[in-house]
Amino acid sequence: MIEFETLEELKQRITPALKTKAKELKINNYNIKEEDIWNYLIKNKWKKSKDLTLYDIINDIINIKIEDIGSEE
């Protein structure tokens, strides 16, 4: 099992997935940045979660919807 010492270490590990999702949303004309996705997941989706696997984390990123993030566009 992969464990991360800090949230920053986790964020660095999943940055490629965050970038990919941000690009996908940009293609669909949404101005959502990696940081927006990260903040939503940390503050909302994973707030009460414990022992998430890397698979769970990446799966959440891939399956996030624009409505979840709350785009103003």
Side-chain angles (χ1 to χ4, degrees):
M1 183 165 135
I2 299 173
E3 294 187 19
F4 299 95
E5 298 288 324
T6 65
L7 281 176
E8 191 57 37
E9 187 180 331
L10 169 62
K11 185 179 177 188
Q12 288 177 359
R13 179 69 181 253
I14 64 170
T15 292
L18 292 170
K19 284 184 178 188
T20 299
K21 190 62 180 187
K23 284 181 186 178
E24 174 192 321
L25 293 170
K26 186 174 183 177
I27 288 170
N28 290 309
N29 296 317
Y30 296 104
N31 188 24
I32 301 295
K33 296 175 176 56
E34 299 159 39
E35 197 68 25
D36 299 326
I37 298 167
W38 171 255
N39 287 333
Y40 164 76
L41 293 169
I42 291 296
K43 293 176 182 174
N44 298 290
K45 181 85 175 168
W46 302 331
K47 187 175 184 176
K48 296 180 182 178
S49 298
K50 299 237 186 243
D51 299 325
L52 288 171
T53 64
L54 193 54
Y55 169 84
D56 294 329
I57 292 167
I58 299 300
N59 192 50
D60 286 344
I61 294 168
I62 291 169
N63 291 307
I64 199 167
K65 294 178 175 54
I66 193 66
E67 299 85 30
D68 297 334
I69 302 170
S71 175
E72 297 175 3
E73 296 186 330

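Here CG of Leu52 is found 11.0 Å from CZ of Phe4. Values are rounded to the nearest 0.5 Å. Within the model, atoms CG of Leu10 and CD1 of Ile42 stand 6.5 Å from one another, a figure rounded to the nearest 0.5 Å. With rounding to the nearest 0.5 Å, the separation of CG in Leu18 from CD1 in Ile61 is 4.0 Å.
Remark: Asp68 pairs with Tyr40, Ile64, Lys65 by the side-chain contact (heavy atoms from CB on, under 4.5 Å) rule, at least two apart or across chains. Taking the side-chain contact (heavy atoms from CB on, under 4.5 Å) definition, one finds that Lys33 meets it with Asn31, Asp36, sequence neighbours left out. For Asn44, the side chain to side chain donor-acceptor pair (under 3.5 Å) criterion is met by no residue, not counting sequence neighbours. Taking Ile62 as the reference, Ile58 meet the side-chain contact (heavy atoms from CB on, under 4.5 Å) condition, with sequence neighbours excluded.
Judged by distance alone, the side chain of Asn59 and the main-chain N or O of Tyr55 form no donor-acceptor pair under 3.5 Å.
Legend: salt bridge (charged side-chain N to carboxylate O under 4.0 Å, His left out) pairs involving residues 15-25, not counting sequence neighbours, sorted by first then second residue: Lys21-Glu24. Identified under the side-chain hydrogen bond (donor to acceptor under 3.5 Å, both in side chains) test for residues 4-15, with sequence neighbours left out: Lys11-Glu35.
Inter-residue side-chain proximity for Leu25 and Ile69 is flagged as met; some heavy-atom pair is nearer than 4.5 Å. Residues Trp38 and Leu7 are in side-chain contact: their nearest non-hydrogen atoms beyond the backbone lie under 4.5 Å apart.
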